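Here's the structure we're looking at; comments come further down.
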Amino acid sequence: MSAPPGASQAPSRNRRRPRRPQQQHPAAPSLAARIAPLSTAATPTSELPTPEPESTDNAKYLSNAKFADFYARGVLTKALFERIPFEYCTEVQEKTFLPIIEGKDVFGQAKTGTGKTIAFLVPAIEQLARRPVPPPEVISILVIAPTRELCLQIEKEAKMLFAGSVYRTQSVIGGVNIKVQRRDLLNERSDVLIATPGRLVDHIENSNLGPRLKTVQTFVMDEADRLLDEGFQKSLIQIANQVTPKDRRQTLLFSATVDNKIRDIARVVLKDKHEFITTISDADEATHQHVHQDYIVTSLAKEDAVMLTLIRRAARTPFPKIIVFYSTARGAAIAYDLFKGIPDFQDLPMFEIHSRLSQGARIKQADAFKTALKGVLFSSDVTARGMDFPNITAVYQVGSPSSPEQYIHRLGRTARAGAEGYGVLILADFEANVLLNKKEMRELPLKPHPEAQHLTDESSDEFKSAKEMVVQTYDAMDSVAKAQAYQAFMGYYNGFQKAFRWSKEDLVRTANHYALDVLRYRSPDGSNNPPPLLPKTVGMMGLKGVVGLNIVRPQPDAQQGYGGGRSSAPPPKKRQRAA
DNA sequence: AAAAAAG
């Protein structure tokens, strides 16, 4: 590895420790870590960042234990040990290895970004390696996680641990061809199966996977707090009914938060005699307590210009890598459309990810952003939890998140494993107080942005130029995405009516303002009407008879964008660039 | 209709 320009000052210890963990402290500014652990892509030398001295902070989640110690004590077999590309264990890993290898049930509390995946995969696989190789139809380890991308991330690590062995891992997620999965399940080993709940149930019902789940020895529920959400419950019950019963399997449950709801579930799925492991001590402040966080309250109409200014400023720093969260998939999509169309950001790659993209596009975007040295990802809450994008310098959030918890999870994409990070929350005036007055929010070190005044000052040149750029770009954009964003906005804020003490008319007025003045939606007929909604949509939102809505009869040749009557199937967006 | 997740 030849030293890039500027690397000569790098402390030599950075390079002398090839086995220092990378994923565990992604922002460790060692060269190797900067190039991203999952990357195989060649990086132009000229783009390599200047390494900074290693911060002691980055070692925060590391323990003094080494994987080599576990190997020396006979805890890890040679083959597995050799496939672990890290030298030091993280704290969670050190604590979970022995109990899991001994076959105990574990309730683990650990934030993501602390090496949690390795903490359960390595010991589970170690157990597997100690037994005779099972017949090919056996699924020894079943992992359930709440998003597709998280499953793929886990699968990647399992593949690494299985490299060159007879064992195989497969993922079973929605959005990809089910027949291919069915065939692979039939023809190839799946010693570790990693699944989202919905698709796993689909396979139970339609691929006769149920009986094979009875061969599961270790059952892992990752991001368990999220898996307990309403929408997952039915699937989880079906899965629990098929998988090996709890007294004859090992269950590992991981959750970032531990509240009564989780404890109740733990009681149901874990054996009475399980081990509780936590790495969150009083001394070790939670990430969200140490990350620098600012908020800006402004009008809806100024949000985009403020965001543009923030990105512009960040673009002048060496390696900006930012995630911008929006509350709706359509909101993230239109923000991506807006900012990718702005000429200032030629050198700053833009990415988008949300449920309205095809799964193929989602995977491409996530992979590209993971390995990117800089860029901005416009995201819905798909990536809010557990996703590991290396070296995120800042997380911006636009609009009230659905809960303080969600705010904290999103923020956790930056400052991973003790690294530096920064958060900005942009709120519209009508939503600010309700969120900021919540107890959980008040307990955060979240402060007014020191430059809030200037950033939102209509008479400043910086604001004026940003606003002008936003207006121009929206004006040039097609109306379909705007109509979709309008509908999503209405649907999202519909849930806040009570909290905001809004009447239905207030909701409609605000949504119309959003479409007409913010997005600059113009009806194809040249009128000043807001985007059309189907009677059915209006009915489902409980807005029948509210003035200001543009209700249209369903048309047989309907342009989609205002209903179309589909439920959850994501109409794949055609536009896609490989970034 | 509103993150996500089955189509």
Side-chain angles (χ1 to χ4, degrees), chain A residues 144-152 171-179 181-182 195-207 209 223 225-236 238-239 325-333 353-359 362 378-387 397-403 405-407 409-410 431 483-497 499 504 507-508 511 514 531-544 546 549 551 560-572:
Chain A
I144 309 281
T147 67
R148 299 168 183 174
E149 280 74 14
L150 198 48
C151 286
L152 295 174
S171 63
V172 147
I173 61 172
V176 298
N177 193 319
I178 192 166
K179 285 185 190 160
Q181 284 179 356
R182 196 173 286 143
T196 46
R199 183 51 75 86
L200 185 61
V201 167
D202 202 340
H203 281 296
I204 290 171
E205 289 172 347
N206 304 311
S207 315
L209 195 68
E223 300 285 334
D225 42 354
R226 172 77 191 286
L227 283 171
L228 301 183
D229 283 4
E230 199 66 32
F232 285 118
Q233 273 187 17
K234 250 180 76 187
S235 303
L236 283 187
Q238 283 194 71
I239 294 164
F325 281 104
Y326 289 84
S327 304
T328 69
R330 248 81 226 224
I353 191 164
H354 47 78
S355 62
R356 311 313 283 232
L357 287 182
S358 73
Q359 190 54 35
R362 277 168 61 166
F378 295 88
S379 179
S380 70
D381 278 335
V382 235
T383 65
R385 290 178 184 236
M387 287 302 290
Q397 310 193 29
V398 183
S400 177
S402 54
S403 66
E405 213 191 351
Q406 203 61 19
Y407 169 85
H409 280 290
R410 289 164 161 191
E431 62 191 351
Q484 291 170 334
Y486 166 73
Q487 192 172 314
F489 181 101
M490 190 117 66
Y492 181 70
Y493 283 107
N494 197 12
F496 286 84
Q497 276 187 65
K504 291 176 182 183
L507 172 68
V508 170
Y514 173 66
L533 295 169
L534 294 174
K536 195 179 70 180
T537 312
V538 173
M540 285 198 286
M541 292 204 233
L543 298 176
K544 236 159 62 179
V546 180
L549 291 172
I551 302 174
Q560 94 228 72
Y562 47 94
R566 9 187 12 130
S567 46
S568 61

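All values below were derived from every heavy atom in this structure, side-chain atoms included, with hydrogens, water molecules and symmetry-related copies excluded. Numbers restart at 1 for each chain; the letters A, B, ... are given by sequence-line order, proteins then strands. This one's a predicted model, so the numbers in the text were calculated from it and none came from an experiment.
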Practice prompt. Please check if the distance between the ring centroids of A/Tyr492 and A/Phe489 is under 6.0 Å.
Written response: no
Item to complete: Check the distance between B/dA3's C1' and A/Gln406's CD and give it to me in whole angstrom.
Response: 7 Å
Worksheet entry | 4.5 Å side-chain heavy-atom contact, A/Pro197 and A/Leu227 | yes
Discussion item. So A/Met540, base contact, sugar-phosphate only, or nothing? Heavy-atom distance under 4.0 Å.
Written reply: base
Worksheet item: Looking only at side-chain N and O atoms, does A/Ser355 come under 4.0 Å of OP1 or OP2 in B/dA5?
Response: no
Discussion item. From C-beta outward on A/Met541, which listed nucleotide comes closest to its side chain: B/dA1, B/dA4, B/dA5?
Written reply: B/dA1
Worksheet item: Can you check whether A/Thr147 has a side-chain N or O nearer than 4.0 Å to OP1 or OP2 of B/dA3?
Response: no
Discussion item. Please report the distance, rounded to the nearest Å, between CZ in A/Phe496 and P in B/dA1.
Written reply: 19 Å
Item to complete: Output yes when a side-chain donor or acceptor of A/Lys504 lies under 3.5 Å from a complementary backbone atom of A/Asn494, and no otherwise.
Response: no
Discussion item. Less than 4.0 angstrom between a side-chain N/O of A/Arg356 and OP1 or OP2 of B/dA2, yes or no?
Written reply: yes
Fill in: Check: B/dA3 base within 3.5 Å donor-acceptor of A/Arg226 side chain
yes
Practice prompt. Look at all strands and tell whether A/Ser327 reaches a base, only sugar-phosphate, or nothing, counting heavy atoms closer than 4.0 Å.
Written response: sugar-phosphate
Fill in: Touch class at under 4.0 angstrom, heavy-atom based, for A/Gly231 against every strand present
base
Discussion item. Looking only at the side chains, is there a donor atom on one of A/Arg148 and A/Gln359 sitting less than 3.5 Å from an acceptor on the other?
Written reply: yes
Worksheet item: Taking NE2 from A/His203 and P from B/dA5, how many angstroms apart are they, rounded to a whole number?
Response: 15 Å
Worksheet entry | Non-neighbouring partners of A/Ser235 that pass side-chain hydrogen bond (donor to acceptor under 3.5 Å, both in side chains), sequence neighbours left out | none
Worksheet item: Which nucleotide sits closest to the side chain of A/Ala329: B/dA1, B/dA3, B/dA5?
Response: B/dA3
Fill in: Nucleotide B/dA2, atom C1' - distance to CD of A/Glu230 in whole Å
15 Å
Worksheet item: Quick one: A/Ile204 CD1 to B/dA6 P, roughly how many Å, whole number?
Response: 12 Å
Practice prompt. Starting from C1' on B/dA3, measure out to CG on A/Leu227 and report it in whole angstrom.
Written response: 14 Å
Discussion item. Using a 4.0 Å heavy-atom cut-off, does A/Arg362 contact any base of the nucleic acid, only the sugar-phosphate backbone, or nothing at all?
Written reply: sugar-phosphate
Discussion item. From CG of A/Leu228 over to P of B/dA4, roughly how many Å is that when rounded to an integer?
Written reply: 19 Å
Discussion item. My understanding is that only residues two or more places apart in sequence, or in another chain, count here; which of them pass side-chain hydrogen bond (donor to acceptor under 3.5 Å, both in side chains) with A/Ser171?
Written reply: A/Glu155
Practice prompt. Considering just the side-chain nitrogens and oxygens of A/Thr328, establish if one lies under 4.0 Å of OP1 or OP2 belonging to B/dA3.
Written response: yes
Discussion item. Is there, by distance only and without an angle test, a donor paired with an acceptor across the side chain of A/Asp229 and the base of B/dA5 below 3.5 Å?
Written reply: no
Worksheet item: To the nearest angstrom, how far is A/Tyr486 atom OH from B/dA1 atom P?
Response: 14 Å
Practice prompt. For B/dA3, take OP1 and OP2 only and decide whether either is under 4.0 Å from a side-chain N or O of A/Arg148.
Written response: no
